[in-house]
Amino acid sequence: MCVLFLARLGRYPGTVDNVVLQWQNAAGKLFAYHLPVECAFTELYPLKTPGRNMYLLLGREKAYTFCLAFTAYVVELKGDYLILDNQVFSVNGYSDKNELSACNVEMTFDPARQVLSVDIDDGLPKSEEGDGFSATPFKPFKLRFQQGRFVPLR
């Protein structure tokens, strides 16, 4: 059994959040790793996959004037190692990555159903929905985690 913790460096508006992942293996040995992503992760969920310790991190970070970037990031603990190159997302132009980011949307996760929902952020004015550069409107979607990957829910 592994225990996973999130620590954020930089907690003030306008700062860049750097994430440190800490974990403890079954023998009690402690580990820490600086993740190569800038995001204020606030949620951590275990993913259901037999024989593997995979976790979904959800958070957001101010990217630029028109963008509040929401991010879903997947990590795996394997023995004493942190695996960051699992290819879990393959949707909407994100081909075989462990990270899914989008501007001005809301990402929520249902741990019981293992479903990630990406929807329009109701707190944004209509003029700021989407990334501000796309000519096509954003279409909400859902992804189910199964067999080590997030796949479109139909």
Side-chain angles (χ1 to χ4, degrees), residues 1-8 11 17-26 31 33-64 66-79 81-154:
M1 167 66 88
C2 292
V3 179
L4 193 64
F5 303 98
L6 277 173
R8 285 186 1 197
R11 298 180 185 259
D17 286 289
N18 292 289
V19 181
V20 176
L21 204 58
Q22 300 171 314
W23 71 97
Q24 183 176 10
N25 68 9
F31 300 89
Y33 186 82
H34 174 255
L35 292 181
V37 62
E38 294 174 358
C39 186
F41 290 111
T42 57
E43 300 174 55
L44 173 71
Y45 299 99
L47 295 170
K48 296 177 185 175
T49 182
R52 296 173 76 181
N53 291 314
M54 296 179 79
Y55 298 88
L56 172 68
L57 288 70
L58 291 181
R60 61 183 165 191
E61 181 86 8
K62 183 70 174 168
Y64 54 86
F66 298 110
C67 177
L68 181 58
F70 285 78
T71 301
Y73 194 84
V74 175
V75 298
E76 179 179 6
L77 295 177
K78 190 173 191 176
Y81 299 97
L82 180 64
I83 310 298
L84 299 177
D85 61 355
N86 284 317
Q87 300 173 347
V88 297
F89 293 107
S90 190
V91 62
N92 290 353
Y94 289 87
S95 179
D96 299 328
K97 302 217 179 213
N98 69 330
E99 177 183 353
L100 179 67
S101 293
C103 285
N104 304 332
V105 299
E106 185 71 37
M107 292 187 189
T108 56
F109 186 68
D110 179 343
R113 295 179 49 227
Q114 297 283 284
V115 172
L116 176 65
S117 299
V118 182
D119 203 347
I120 293 171
D121 185 352
D122 291 333
L124 290 173
K126 289 285 185 197
S127 63
E128 293 184 17
E129 288 177 359
D131 64 11
F133 298 106
S134 178
T136 59
F138 174 79
K139 293 181 182 160
F141 59 93
K142 293 180 187 277
L143 304 170
R144 180 185 303 277
F145 187 77
Q146 59 187 35
Q147 299 175 346
R149 294 183 61 84
F150 278 97
V151 295
L153 185 65
R154 303 205 191 292

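All residue numbers in this chain count up from 1 along the given sequence.
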Value rounded to 0.5 Å, distance of [atom1] in [X] from [atom2] in [Y]:
X	Y	atom1	atom2	result
Phe150	Leu47	CZ	CG	5.0 Å
Leu116	Leu56	CG	CG	6.0 Å
Leu153	Arg113	CG	CZ	6.5 Å
Leu57	Thr42	CG	OG1	9.5 Å
Lys78	Met54	NZ	CE	10.5 Å
Arg60	Met107	CZ	CE	12.0 Å

Which atom names give the shortest non-hydrogen contact between [X] and [Y], and what distance separates them?
X	Y	value
Gly59	Cys39	C-SG, 3.4 Å
Asn104	Phe70	N-CD1, 4.4 Å
Phe41	Thr71	CE2-O, 3.9 Å
Gly148	Thr49	N-OG1, 4.1 Å
Pro36	Leu84	CD-CD1, 3.8 Å

Contacts of Arg144 meeting salt bridge (charged side-chain N to carboxylate O under 4.0 Å, His left out) (sequence neighbours excluded), chain-then-number -> none
Is there side-chain contact between [X] and [Y], with heavy atoms separated by less than 4.5 Å?
X	Y	result
Leu82	Leu77	yes
Val74	Phe89	yes
Glu76	Val88	no
Gln87	Arg149	yes
Trp23	Tyr33	yes
Leu35	Tyr73	yes
Leu21	Val75	yes
Tyr45	Leu58	yes

Within the 3.5 Å criterion, strictly below it, is a donor on Ser101 or Glu99 matched to an acceptor on the partner's side chain? yes
